[in-house]
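Have a look at the structure below, then the notes.
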Amino acid sequence: MSRIGVIVCHCGSNIAATVDVEQVVQVAKTLPHVAYAADNKYTCSDQGQQAIKEAIVEHRLDRIVIGSCSPRMHELTFRKMLSQTDINPYMLEIANLREQCSWVHKNKAEGTAKAIDLIKMAVAKCDRDQPLFTMSIPVNKRALVIGGGIAGMQAALDIADAGYPVTLVEKEPSLGGKMVMLDKTFPTMDCSACICTPKMADVGSHPNITVKSLAEVEQISGYVGNFEVTIRERAKYIDYSLCTGCGLCETKCPTKTPSSFEQGLGLRKAIYKPFAQAVPGKPTIDAEHCRKLTTGKCGVCEKVCPLGAIRYDDTDKVTAETYGAIVVAIGYQLIDWGSIYGEYGGGRYADVISGLQFERLVNASGPTEGHVVRPSDGQEPKSVVIVKCVGSRDPEHGRSYCSRACCMYGAKHAHQYLDKVPDGRCYVFYMDVRTPGKGYDEFYMNTQHDGALYLRGRVSKIYQQNGKLICQGEDTLSGQQVTVEADMVVLETAMVPANDADRLGSMLGITRDKDLWLSEAHPKLRPVETNSAGIYLAGTCQGPKDIPDSVAQASAAAMKVAVLFAHDELESNAMIASSDVALCNGCGACVSICPYSAITLEEITLRENSKKVTRRISKVNPGLCQGCGACTVACRPGAMDLRGFSDEQIMREVDALCQW
């Protein structure tokens with residue numbers, strides 16, 4: 001027979017102000033199997049925990065019910081306390097008398113009655129608690145970082161500097177992401193490449209980092225400490241072990257095609273490095289535009305290569321490796337404004353460009369060597385309109401959220417234009433100006449002092465007339481319609497999730513929010529963790545943010561990985577799903593609903609009526625299962641149960657509430 005101890009906490013006045021604690025204790029003493037009941041001012045304190053330990057010995061208790069604050073706050077505290085006694089740490093129930101009772105009631109009589117019901121339910125469930133045990137999971141101390149932008153590079157460097165090997169997977173030919181495409185960074189106007197390329201070089205030369213460019217993660221299985229990852233490296237058609245990156249092949253290649261790095265404003269060769277400081281510093285062949293690979297003709301690069309590094313017969317390389325932790329840093333992409341903003345020309349006008357295209361125009365290493373010119377005719381624009389919030393804060397056409405960095409991008413672009421074209425006129429259409437970072441507001445004010453004219457309102461239409469771009473909008477401060485003739489229009493477009501976010505999120509068991517960004521476990525308390533243990537987020541894969549925030553989050557994710565790798569073994573979750581072989585019919589409903597891919601169907605051989613029978617049953621991976629309970633609801637024959645929250649335990653709570 002169970003011997004249950006009940007302790008009701010005052011929590012100072014948090015509970016006691018709205019609950020008659022002494023009355024709750026008196027009722028608890030009358031409940032079945034309760035051998036001891038008492039109250040305590042602060043149960044979570046050292047003195048409070050010591051009192052419980054002494055009561056366990058004195059009254060020979062074998063399970064404990066504590067009426068206090070949320071289990072999320074102190075359940076682990078009390079489990080650690082029980083681990084120092086003869087009671088199994090999972091023979092514990094927390095009745096939430098603070099968040100679920102005292103904090104939501106003003107009437108003391110109502111609060112007391114509800115607290116009594118909560119204690120009754122906890123006692124009834126506790127009577128059916130069973131000892132639960134964890135298992136040890138070995139930790140493979142190698143990390144995988146997906147994405148080679150500034151966040152991915154920072155995370156990889158921090159983990160590598162901690163002494164752990166890292167594999168960095170980047171889908172583009174070079175590291176750098178979007179940051180390396182920028183000209184300057186606000187508010188200090190540092191050269192973006194000057195601060196980004198040294199970090200790229202550090203990553204490429206770090207002895208603990210293996211860079212896999214032109215690569216993608218194809219498959220992920222396993223669990224924290226032991227993720228089995230399949231990586232596909234696309235064919236580069238060049239032997240990197242021989243190539244020195246001399247560039248002779250690029251010089252002689254006769255084929256040119258638009259450069260994605262230059263945002264379509266410049267050309268590159270079919271064999272190319274995206275930019276001069278690329279890491280890896282070796283070219284790759286674009287199979288789609290290479291004449292040798294498409295027609296069988298040409299082959300100039302093979303002829304001129306002094307080391308014979310060209311490999312036209314190269315194929316994709318697939319590897320499978322084990323990692324203990326994964327950092328997701330896949331970044332963002334810009335919204336496709338051309339398809340959703342027909343009123344802005346819908347991509348028809350060459351001189352209506354995105355902010356990232358403007359970055360390449362003003363960049364000294366860009367297609368115009370830093371000269372601000374119109375893409376249509378190469379002439380210097382004497383008037384420029386900058387339109388902010390294109391796709392942001394616009395639920396009708398784009399996204400409802402703010403992209404955070406666009407206000408500062410707009411101010412920076414206005415400053416850069418006026419610096420390059422001193423006699424030019426710059427108009428900035430805005431909804432609101434948001435400058436929350438250090439030195440940001442001062443930078444915005446300086447842009448106005450430079451001569452940028454800010455007009456509060458949206459641009460309703462852009463059309464071409466007499467060689468000019470006519471921007472029709474409004475100035476809500478004056479209440480007047482505004483028409484501006486511009487030589488060029490720069491659209492500060494919204495950040496949206498990367499193309500790969502959905503595929504990778506599903507593969508990794510990471511949920512996505514309403515705007516389709518990858519979701520963290522908790523926005524305040526666990527901002528870089530996910531609900532899948534051992535998987536962390538860094539940078540703009542989680543939501544729009546600027547460079548400092550991305551770097552800070554990357555270092556935070558790296559720290560989480562280092563803490564994980566500090567242990568040789570991990571303790572698994574004891575409160576996980578389990579399958580009753582006798583009831584399971586192998587329907588697979590639990591497999592399809594499990595958000596963590598923790599359940600698989602396996603064939604087993606059983607002896608039934610003296611005959612061997614082979615059938616399918618569900619098997620739970622204890623390393624992957626997070627104890628969410630979704631499978632128990634989906635299981636039609638009732639074979640799935642959740643340890644610590646079994647059907648019998650839940651029904652005992654219901655019965656206690658209804659009968660006593």
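It should be emphasised that the depicted structure is a prediction, and the values quoted were computed from it without experimental measurement.
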*Specify the closest pair of heavy atoms between Cys625 and Ala577, including all atoms of both residues, with the distance to one decimal.*
SG-N, 3.4 Å
*Output yes when Glu262 and Arg360 qualify as a salt bridge under the 4.0 Å nitrogen-oxygen rule, no when they do not.*
yes
*Using modelled atom types only, decide if a donor and an acceptor are shared between the side chain of Ser532 and the backbone of Leu508 within a distance under 3.5 Å.*
yes
*If you round to the nearest 0.5 Å, how far is CD1 of Ile310 from CD1 of Ile238?*
4.5 Å
*Expected output: side-chain Arg404 to main-chain Gly543 donor-acceptor under 3.5 Å*: no
*Can you list the steps and then say if Lys292 with Glu302 is a salt bridge (charged side-chain N to carboxylate O under 4.0 Å, His left out)?*
CA-CA 10 Å; Lys292 179 68 175 180; Glu302 183 180 35; 5.3 Å; no
*List the steps and the verdict of salt bridge (charged side-chain N to carboxylate O under 4.0 Å, His left out) for Arg232 and Glu216.*
CA-CA 5 Å; Arg232 177 180 294 273; Glu216 293 182 340; over 6 Å; no
*Output, in order, the C-alpha distance, side-chain angles, deciding distance and verdict of side-chain contact (heavy atoms from CB on, under 4.5 Å) for Val229 and Gln219.*
CA-CA 6 Å; Val229 183; Gln219 187 175 351; over 6 Å; no
*Kindly state whether the ring of Phe186 and the ring of Tyr409 have centres lying under 6.0 angstrom apart.*
yes
*asked:* Can you give me the closest heavy-atom contact between Cys541 and Trp517, atom names plus distance?
replied: O-CE3, 3.6 Å
*Please confirm whether the backbone N or O of Ala639 pairs with a side-chain atom of Asp580, one donor and one acceptor, at under 3.5 Å?*
no
*Taking atom CZ of Arg512 as the centre, does the number of heavy atoms from other residues, nucleotides or ligands within less than 6.0 Å exceed 12?*
yes
*asked:* Side chains of Thr322 and Glu228 only: does a donor on one sit below 3.5 Å from an acceptor on the other?
replied: yes
*Does some side-chain heavy atom of Leu144 sit less than 4.5 Å from a side-chain heavy atom of Val166?*
no
*Tell me, with the steps shown, if Asp158 and Ser555 meet side-chain hydrogen bond (donor to acceptor under 3.5 Å, both in side chains).*
CA-CA 6 Å; Asp158 287 345; Ser555 290; 2.7 Å; yes
*For Lys619, does the NZ atom have more than 12 heavy-atom neighbours from other residues, nucleotides or ligands under 6.0 Å away?*
no
*asked:* Rounded at 0.5 Å granularity, tell me how far OG in Ser192 sits from CG in Leu182.
replied: 4.5 Å
_Nearest-0.5 Å distance, OH of residue Tyr223 to CD1 of residue Ile535_ = 13.5 Å
*Within a radius of less than 6.0 Å around CZ of Arg72, do more than 12 heavy atoms belonging to other residues, nucleotides or ligands occur?*
no
*Would you call Asn531 and Ile510 a side-chain contact if the rule is heavy atoms closer than 4.5 Å?*
no
*What distance do Leu518 atom CG and Thr530 atom OG1 have between them, rounded to the nearest 0.5 Å?*
9.0 Å
*So, do Met408 and Asp546 sit near enough that their side-chain heavy atoms are less than 4.5 Å apart?*
no
*Hey, is the main chain of Asp190 close enough, under 3.5 Å, to the side chain of Lys184 for a donor-acceptor pair?*
no
*May I ask you to test the Met179-Ile195 pair for a side-chain heavy-atom distance under 4.5 Å?*
yes
*Can you tell me if Asn226 uses its side chain to pair, donor with acceptor, with the backbone of Pro138 under 3.5 Å?*
yes
*Anything under 30° is parallel, anything over 60° is perpendicular, the rest tilted; go ahead and classify Phe261 against Phe275.*
parallel
*Can Tyr164 and Phe565 be said to form a ring-ring contact (aromatic ring centres under 6.0 Å, His included), step by step?*
CA-CA 8 Å; Tyr164 303 110; Phe565 287 176; 5.1 Å; yes
*Distance only, no hydrogens: is a donor on one side chain within 3.5 Å (strictly under) of an acceptor on the other, for Ser618 and Ser579?*
no
_Nearest-0.5 Å distance, CD1 of residue Ile330 to CG of residue Leu504_ = 5.0 Å
*Kindly give the heavy-atom pair with the smallest separation between Ala598 and Leu624, and that separation in Å.*
CB-CB, 3.6 Å
*Give a yes or no answer on whether the side chain of His206 reaches the backbone of Asn208 with a donor-acceptor pair at less than 3.5 Å.*
yes
*Between the side chain of Gln263 and the main-chain N/O of Leu265, is any donor-acceptor distance below 3.5 Å?*
no
*asked:* With a 3.5 Å distance limit and no angle check, can you tell me whether Arg643 reaches the backbone of Met575 through a side-chain donor-acceptor pair?
replied: no
*Got more than 12 heavy atoms from elsewhere within 6.0 Å of NZ, Lys560?*
no
*Just checking, is any N or O donor in the side chain of Glu571 or Thr134 under 3.5 Å from an acceptor N or O on the other one?*
yes
*Which atoms form the tightest heavy-atom contact between Cys631 and Ile599, and what is the distance?*
CB-CD1, 3.7 Å
_Between Gln553 and Asp549, do the side chains contain a donor N or O and an acceptor N or O under 3.5 Å apart?_
no
*Matching residue for Thr197 among Asp202, Val180, Val279 - test: side chain to side chain contact (heavy atoms under 4.5 Å, CB included)*: Val180
*asked:* Given 3.5 Å as the limit, does a donor-acceptor pair link the side chain of Lys269 with the main chain of Pro254, or not?
replied: no
_Side chain proximity check, Ser259 to Tyr272, heavy atoms < 4.5 angstrom_ = no
_Within this structure, what is the CG-CD1 distance for the pair Asp161 and Ile159, rounded to the nearest 0.5 Å?_
10.0 Å
*Which atom names give the shortest non-hydrogen contact between Ala554 and Ala151, and what distance separates them?*
CB-O, 3.1 Å
_Residues Arg234, Asp316; criterion salt bridge (charged side-chain N to carboxylate O under 4.0 Å, His left out); working and verdict_ = CA-CA 5 Å; Arg234 299 198 299 278; Asp316 292 0; over 6 Å; no
_Neighbour count >12 (heavy atoms, 6.0 Å) for atom CE, Met507_ = yes
*asked:* Between Val327 and Ile146, is there a side-chain heavy-atom distance shorter than 4.5 Å?
replied: no
_Among Asn499, Thr540, Thr493, exactly one meets side-chain hydrogen bond (donor to acceptor under 3.5 Å, both in side chains) together with Gln333. Which residue is that?_
Asn499
*Would you check if Arg268 and Pro258 make a side-chain contact, meaning some heavy-atom pair closer than 4.5 Å?*
no
*How far apart are the closest heavy atoms of Met200 and Gly176, and which atoms are they?*
SD-CA, 4.0 Å
*When you check the side-chain N and O atoms of Lys212 and Thr319, is any donor under 3.5 Å from an acceptor?*
yes
*Side-chain (Ser403) to main-chain (Cys406) donor-acceptor, under 3.5 angstrom*: no
*Between Tyr323 and Thr167, do the side chains contain an N or O donor and an N or O acceptor separated by less than 3.5 Å?*
yes
_Pairing donors with acceptors under 3.5 angstrom, does anything connect the side chains of Asn573 and Gln626?_
no
*Any side-chain heavy-atom pair from Leu214 and Lys236 closer than 4.5 angstrom?*
yes
*Side-chain donor-acceptor pair under 3.5 Å between Ser646 and Asp641, yes or no?*
no
